[in-house]
Number of protein chains: 2
Amino acid sequence: MADPRKSTLVLVAERAGVSIASVSRVMNGLPASERVTERVRAAAAELGYVPDATARSLKVGRTEQIALAVADVGNPVYVGMMREISRVVTKAGYRLVLSSTGIDPKDQIDLLVSLNRGYADGLIMSPLRVPEELGTQLRSSRLPIVIIGSLPPGAELDNVRADSVAGMALAVDHLAAQGRTRIAFVNGPVDTVPGAARRDGYLKALAARGIEDRTQVDARDFTYQAGLKAAATLLEKGTPDAIVCANDLLAIAALNVATRRGLKIPDDVAIVGMDDTDIADLANPAITSVDLGATRRARTAARLLLRRLEKPDAPVRQVVIEPTLTVRGSSTKEENL
Amino acid sequence: MADPRKSTLVLVAERAGVSIASVSRVMNGLPASERVTERVRAAAAELGYVPDATARSLKVGRTEQIALAVADVGNPVYVGMMREISRVVTKAGYRLVLSSTGIDPKDQIDLLVSLNRGYADGLIMSPLRVPEELGTQLRSSRLPIVIIGSLPPGAELDNVRADSVAGMALAVDHLAAQGRTRIAFVNGPVDTVPGAARRDGYLKALAARGIEDRTQVDARDFTYQAGLKAAATLLEKGTPDAIVCANDLLAIAALNVATRRGLKIPDDVAIVGMDDTDIADLANPAITSVDLGATRRARTAARLLLRRLEKPDAPVRQVVIEPTLTVRGSSTKEENL
DNA sequence: CTGTTAGCGCCTTCAC
DNA sequence: GTGAAGGCGCTAACAG
């Protein structure tokens, strides 16, 4: 294998003594005579020839890349989604282009514009916030897009989302079944898509069960540090017998704050998180968590996009993933596990 | 803004009544008369024109993409590195293509071959294992590559690595200073690059301090589950007064296993992790951890690659990042913090 | 300052 | 089954 620094169809063709068309055919597995195939393979191997992706893309109009836009590459729930999406699209022969959009909604708009440059064949995106303008940009995108989470009004796109209300119901039912009656809630910012949905779920779940006692504190964001502060604020107000948290990071924060205040988990206070990420297991006791189906959402989103790439005119599909509850030590005695 | 479904230089040029070259110039900010600039901008806006990335890449020979290959997208230390690399390369105008190579070393080889298709301008890679063949493939790559971690023998590449020996020394010194004398070690697989380096560091650190007592257990991999098992095995053998762990996940596992056995942390057993990832803070007590500079390594690697893309002939640079120790509750009493 | 033109490397009809 | 030729959309000489 010689220097692959260059080496194009032309060079391989010369070396093999055939036309560039024949080389192209052999490289793409199209029918060719034994003899030509042989010579081309040999020449290609000697030259270390590898077809150029860019040129191919320009010609065929596909990049074999899928873009993924998430707000925070570091958030465990996005990490899990990324891993799953990476798995699915890689298996289908696509590369994954990662766009960390950051918090600023303007980044999302920029991303959509730049997507029209055609560096990817499609986009999977999970917006934290959905401003008006996002909707119009989505509508004018020339590439297929799958949204994980709520759609902006008027956008008819393939979509996958969680059922936060059902998820909250699972958590509250579980806690009520343990005889808990003062169920507090640590949420993230309420002006985000998940924040709004989870608060909604909390209120509905309590209302449905006739529970009047409600206490809610909003953390500044969905991080552990913000959770520490929120939990401290919450416990200042009094001690509930259960705390539901809008994600697992907030739940671990609540657990640690409560423990440090001398409260026994789960005896004095039961704690339930959401998302059921890897870190729910790391806590001591491990944290009961509502799996809102992040992994399944990711997988479904990837499949929806792949399907649309194959059939651009297929009917729009909107999938709701049903939540499940994984019970661990933070909300129930060992012997009940 | 009209339908952007197509719209090329030609269309914009027609609409603006100028040549395609003029459009290209305006779009790239090259000098052009006021009048032409104006007309082109207007036409482009009306047509929703966005330059095609693929065609541009083919022409200029650059994709403005950087590939990142890591073994496990889910591992917290890689997540941190990803985030940092994403930040740096994005700011420099590059997109990040994520390649999760998996455990199989063959994946890495495949990746290097496919990289020669030219879908990215360079590669950052952090191999878990470094088989012979990887070296030869690295040498025959036509694109710049920066390796995070050990280099295969004979590869002269830009490189960033941690100083595991110094890191272990930090951990051991810290523990010895607390009067700990029976310092055990929970490692990951010893046939991986980090596993070998950390064992090496452990042995050297103990030897340098004349500590004879050594106990080591290797977890099956660097995950929490494997850590639980390894820690249990370790504690079966007897109770050390300190445990150093090859990463934070293993450390949390050790902490939880020890706690459940009724041991007090840090009084009975001190625990020190490595990598100083976000999760070190989540544990209760929080875990003292040796920061092997994952974030700095990532940032440095990204910068080295950007530099090489600018100056292909710059001298090879190999950087060693010095570790630091972040002391938390798992290895020292509150009052000493 | 602006327009014309020649490819970048590949795939794909179209004749042979 | 194989070769010749056109063009994907764009940039960079080179003329004018």
Side-chain angles (χ1 to χ4, degrees), chain A residues 4-41 43-44 47-65 93 114-121 142-143, chain B residues 4-41 43-44 47-65 93 114-121 142-143:
Chain A
R5 227 153 296 269
K6 32 211 290 186
S7 80
T8 72
L9 272 188
V10 178
L11 294 183
V12 177
E14 282 174 2
R15 181 149 192 138
V18 299
S19 75
I20 61 170
S22 292
V23 179
S24 174
R25 285 191 200 98
V26 172
M27 297 308 291
N28 293 338
L30 297 180
S33 72
E34 187 95 5
R35 205 182 61 85
V36 169
T37 305
E38 191 54 39
R39 303 187 54 124
V40 169
R41 286 213 190 297
L47 293 171
Y49 171 73
V50 184
D52 183 89
T54 306
R56 181 172 209 288
S57 292
L58 178 58
K59 184 62 191 176
V60 304
R62 289 176 298 113
T63 60
E64 318 218 296
Q65 295 190 155
S114 82
L115 187 68
N116 278 332
R117 298 168 56 92
Y119 64 79
D121 300 337
R142 76 188 164 92
L143 296 183
Chain B
R5 229 152 296 270
K6 33 209 290 185
S7 82
T8 73
L9 273 189
V10 178
L11 293 183
V12 177
E14 280 175 1
R15 181 149 193 138
V18 298
S19 75
I20 61 171
S22 292
V23 179
S24 174
R25 285 193 199 99
V26 172
M27 299 308 291
N28 293 338
L30 297 179
S33 70
E34 187 98 2
R35 207 183 59 86
V36 170
T37 304
E38 192 54 39
R39 303 187 55 124
V40 169
R41 285 211 191 298
L47 293 171
Y49 170 73
V50 183
D52 184 89
T54 305
R56 181 172 208 286
S57 292
L58 178 58
K59 181 63 190 176
V60 303
R62 289 176 299 110
T63 60
E64 317 220 292
Q65 296 191 152
S114 82
L115 187 69
N116 278 331
R117 296 168 56 92
Y119 63 81
D121 299 337
R142 78 188 163 92
L143 294 184

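Every chain is numbered from 1, with letters handed out A, B, ... down the list of sequences.
Two end axes, each from the C1' atoms of five base pairs, can be drawn for the helix from C:dC1-D:dG16 to C:dC16-D:dG1; they diverge by 40°, to 10 degrees.
For C:dC10, one of the phosphate oxygens OP1 or OP2 lies less than 4.0 angstrom from a side-chain nitrogen or oxygen of A:Y49. Under 4.0 angstrom from either OP1 or OP2 of C:dG3 there lies at least one side-chain N or O belonging to B:S19. Proximity of B:S22 to the phosphate of C:dT2: no side-chain N or O atom is located under 4.0 Å from OP1 or OP2.
Two residues, B:A55 and B:I20, neighbour DNA chain C, and the one matched to the more 5' nucleotide by heavy-atom proximity is B:I20.
Looking at heavy-atom distances under 4.0 Å, B:V18 makes contact with sugar-phosphate atoms alone, never a base. Looking at heavy-atom distances under 4.0 Å, B:A21 makes contact with a base.
Between A:L9 atom CG and C:dG7 atom P there is a gap of 17 Å when expressed in whole angstrom units. Straight-line distance from the CG atom of B:N28 to the P atom of D:dA13: 13 Å, rounded to whole Å. Following rounding to the nearest Å, A:E14 (CD) and D:dG3 (C1') show an atom-to-atom distance of 15 Å. As a whole-Å value, the separation of A:R62 CZ from D:dC8 P is 18 Å. Atom pair A:M27:CE and C:dT12:C1' shows a separation of 17 Å (rounding to whole Å applied). Taking atom CZ of B:R25 as the reference point, atom P of D:dG9 lies 21 Å away to the nearest angstrom. When the P atom of D:dT2 is taken as reference, atom CG of A:L30 falls 12 Å away, rounded to whole Å. Atom CD in B:E38 sits roughly 13 Å away from atom P in C:dT2 (whole-Å rounding).
Listed nucleotides: D:dG3, D:dT2, D:dC10. Nearest to the side chain of A:V36: D:dT2. Set against C:dT13, C:dC11, D:dC10, the side chain of B:R56 has D:dC10 as its closest nucleotide. Listed nucleotides D:dA12, D:dC10, D:dG3 differ in distance to B:V60; the shortest reach to its side chain belongs to D:dA12. The side chain of B:S33 lies closest to C:dC1 when the candidates are C:dC10, C:dC1, D:dG3. Taking every side-chain heavy atom of A:K59 into account, D:dG7 is the closest of D:dC10, D:dG7, D:dA13. Looking at the side chain of B:L58, the nearest of the listed nucleotides D:dA4, D:dG9, C:dC11 is D:dG9.
Side-chain contact between B:Y119 and A:T63 is absent, with no heavy atoms from C-beta onward closer than 4.5 Å. Side-chain contact between A:T54 and B:T54 is present, with at least one heavy-atom pair separated by less than 4.5 Å. The shortest distance between side-chain heavy atoms of A:V23 and A:V26 does not fall below 4.5 Å. The side-chain heavy atoms of A:E14 and A:L11, taken from C-beta on, include a pair separated by under 4.5 Å.
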In a table with atom names and distances, give each donor-acceptor pair under 3.5 Å that connects a side chain of residues 55-62 of chain B to protein atoms at least two apart or in another chain.
{"unit_1": "B:S57", "atom_1": "OG", "unit_2": "B:A53", "atom_2": "O", "d": "3.0"}
{"unit_1": "B:S57", "atom_1": "OG", "unit_2": "B:R62", "atom_2": "O", "d": "3.0"}
{"unit_1": "B:R62", "atom_1": "NH1", "unit_2": "B:E64", "atom_2": "OE2", "d": "3.4"}

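For C:dG9, its base never sits under 3.5 Å from the side chain of B:R117 at any donor and acceptor pair.
Enclosure of atom CZ in A:R41 is not indicated, since only 12 or fewer non-hydrogen atoms of other residues, nucleotides or ligands lie within 6.0 angstrom.
For A:R117 (side chain) and B:V50 (main-chain N/O), no donor-acceptor pair under 3.5 Å exists by modelled atom type. The closest donor-acceptor contact from the side chain of A:R25 to the backbone of A:L30 lies at 3.5 Å or more, if one exists at all.
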